[in-house]
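Structure record follows, encoded as structure tokens.
FYI, the numbering just counts along the sequence from 1.
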Amino acid sequence: MTDHTLPLLGVCLPTDALETYGDWIIADQRDLEIQDFFNAELLEGDWRTTAAKTKRLLAGYTGRLGIHGPFWGFSIGTSDPDIRAVVQKRFGQGLDACEEIGATQMVIHSPFTTWDYTNRHHLPGQYRAAANARATLEPLLPRAEALGVTFVIENIEDRDPAERVALVESLASPSVRVSLDTGHANIAHHQHSAPPVDHHVIAAGDMLEHVHIQDTDGYADRHWRPGLGNILWGSLFAALARLEVKPRLNLELRDKAEVPAAVAHLEALGLAR
């Protein structure tokens, strides 16, 4: 028998996959993250057709809906004002998509890199990732706040989870919060002596409003289903259980056919359903 006190897993999917998983998502109103709108070619093209299909396939859905925002080819921490203008344009297009489909969350990528971490003390004048990220995001926040959309900043190369939390706090907006990608954190832990995955939850506390659930071997960004890598899922879910704010827990798997097996594995461990 399913333990209905366990946290409910959401999922990251492209719109086309809703034809397979839409009924399952809608049945329990699971959290959902649409993955089409990170694509610059789509955003520059007929993205409204994709948005219309998303809405059609989600008829009857009242759960928490988000999108993965654009990220390929740029950093929100860029120091180049011309590149910053492109980033702001892409995020503005992401907000357009959120408004169209009723999404309330947009995942964006952290500006912090391993180079930043190792050079932040002896090259302090060049360590401006946080200041640059603020310059990128601040002009976008009034519209995000008006739409009720929250940017959640996902760790990529981050070695110190406190840096991302400090960036969010410095922006002082309800429309910016913290995201955690479990696989990225696990790679940083194994490759760069970063804290283990559960420490990212502890560092963020109730600023954490989004989690990508994926397993890795600590070497590459595998996006495996939980159980195929070496993440300690028990410690992660114990840390999540202590939070007052319950973040969206979205399976982000490379092989979408593995979604049922991922849910079954975490349910068998008594961690989620």
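Side-chain atoms of Q29 come within 3.5 Å of backbone atoms of T62 as a donor-acceptor pair (strictly under, hydrogens ignored). A donor-acceptor pair under 3.5 Å is absent between the side-chain atoms of N186 and the main chain of T182, judged by distance alone. Side-chain N or O atoms of R225 include none that pairs as donor or acceptor with a backbone N or O of V259 at under 3.5 Å. Listed for the D158 side chain is no donor-acceptor partner under 3.5 Å among the backbone atoms of P161. The backbone N or O of H189 lies less than 3.5 Å from no partner atom in the side chain of S193, so there is not a single donor-acceptor pair. The backbone N or O of F74 lies less than 3.5 Å from no partner atom in the side chain of T78, so there is not a single donor-acceptor pair. Using modelled atom types, one side-chain atom of D206 and one backbone atom of E244 make a donor-acceptor pair closer than 3.5 Å. Remark: the backbone N or O of G227 is paired with a side-chain donor or acceptor of D215 at under 3.5 angstrom. Q88 places a side-chain N or O within 3.5 Å of a backbone atom of T136 that can act as its donor or acceptor partner. R159 contributes a side-chain N or O that, together with a main-chain N or O of H192, makes up a donor-acceptor pair within less than 3.5 Å.
At a threshold of 4.5 Å between non-hydrogen side-chain atoms, the residues T113 and I156 do not count as touching. Side-chain contact between I231 and W224: absent, with no pair of heavy atoms (C-beta onward) separated by less than 4.5 Å. The side-chain heavy atoms of T54 and Y61, taken from C-beta on, include no pair separated by under 4.5 Å. With contacts defined as side-chain heavy-atom distances shorter than 4.5 Å, the pair K256/Q35 qualifies. Between I108 and F71 there is no side-chain heavy-atom pair separated by less than 4.5 Å. Looking at R143 and E99, their side chains come closer than 4.5 Å, going by heavy atoms from C-beta outward. You'll find the side chain of W233 stays beyond 4.5 Å of the side chain of V197, heavy atoms only. Here the side chains of L58 and L32 are in contact, with some heavy-atom distance below 4.5 Å.
Of all non-hydrogen atoms in I202 and A239, the two that sit nearest each other are CG1-CB, 4.4 Å. Scanning both residues, P226 and A262, for their nearest heavy atoms gives CD-CB, 3.7 Å. Considering all non-hydrogen atoms of both residues, P260 and Y21 come closest at CD-OH, 3.5 Å. Minimum heavy-atom separation, E145 to P174: OE2-CD, 3.9 Å. Of all the heavy atoms in F38 and G69, the pair that sits closest is CB-O, 3.2 Å. Of all heavy-atom pairs spanning L180 and L236, the tightest one is CD2-CD1, 4.2 Å.
No option in R177, K246, R248 other than R177 meets the salt bridge (Lys or Arg N to Asp or Glu O under 4.0 Å) test with E209.
Here CD1 of I67 is found 12.0 Å from SG of C12. Values are rounded to the nearest 0.5 Å. With values rounded to the nearest 0.5 angstrom, R90 atom CZ is found 13.5 Å from L95 atom CG. Atom CE in M106 sits 10.5 Å away from atom OG1 in T150 (nearest 0.5 Å). Going from atom CG of L6 over to atom CG of L271 covers 7.5 Å, rounded to the nearest 0.5 Å. We find the CZ-OG1 distance between R273 and T5 to be 8.0 Å, quoted to the nearest 0.5 Å. Expressed to the nearest 0.5 Å, how far CD1 of I76 lies from OG of S110 amounts to 6.5 Å.
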TODO: Check the pair I153 / H109 against side chain to side chain contact (heavy atoms under 4.5 Å, CB included), numbers first and verdict last.
DONE: CA-CA 5 Å; I153 305 179; H109 282 186; over 6 Å; no

Open item on the list: Please evaluate residues R84 and N132 with respect to the criterion side chain to side chain contact (heavy atoms under 4.5 Å, CB included), reporting the C-alpha separation (whole Å), side-chain torsions for both, the decisive distance (0.1 Å), and the verdict.
Closed with: CA-CA 9 Å; R84 180 176 299 133; N132 292 336; 3.7 Å; yes

Open item on the list: Apply salt bridge (Lys or Arg N to Asp or Glu O under 4.0 Å) to residues D160 and R120 and explain how you reach the verdict.
Closed with: CA-CA 12 Å; D160 181 359; R120 58 185 175 171; 3.7 Å; yes

- [ ] Show the numbers, then the answer: is there a side chain to side chain contact (heavy atoms under 4.5 Å, CB included) between L208 and V178?
- [x] CA-CA 5 Å; L208 182 67; V178 177; 4.1 Å; yes

Open item on the list: Pair H68, H210 - check ring-ring contact (aromatic ring centres under 6.0 Å, His included), show working.
Closed with: CA-CA 11 Å; H68 199 306; H210 174 271; 8.0 Å; no

Task: side chain to side chain donor-acceptor pair (under 3.5 Å) assessment of R134 paired with S170 - done: CA-CA 8 Å; R134 283 194 295 273; S170 73; 3.2 Å; yes

- [ ] With side chain to side chain contact (heavy atoms under 4.5 Å, CB included) as the test, would you mind laying out the steps for L240 and L249 before giving the verdict?
- [x] CA-CA 10 Å; L240 290 169; L249 307 177; 3.9 Å; yes

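A salt bridge links E19 with K53: the closest approach of a Lys/Arg side-chain nitrogen to an acidic carboxylate oxygen falls below 4.0 angstrom.
Note on L42: it clusters hydrophobically with V87, by side-chain heavy-atom contacts below 4.5 Å among ILVMFWY residues. In terms of hydrophobic clustering, with Ile, Leu, Val, Met, Phe, Trp and Tyr side chains grouped at heavy-atom distances under 4.5 Å, W24 and L57 are assigned to a common cluster. Under the 4.5 Å side-chain contact rule for hydrophobic residues, M207 and V152 do not share a cluster. There is a path of hydrophobic side-chain contacts, each under 4.5 Å, that joins W47 to F91. Side-chain heavy atoms closer than 4.5 Å link hydrophobic residues (I, L, V, M, F, W, Y) into clusters, and following such links, possibly through other members, connects V211 to L167.
Residues passing the side-chain contact (heavy atoms from CB on, under 4.5 Å) test with D221 are H184, I187, Q214, H223, sequence neighbours excluded.
For the residue pair E44/Q93, the side-chain donor-acceptor check at 3.5 Å is satisfied. No hydrogens or angles considered: a donor-acceptor pair under 3.5 Å links the side chains of T15 and D36.
Within a 6.0 Å radius of CG in D23, no more than 12 heavy atoms belonging to other residues, nucleotides or ligands are found.
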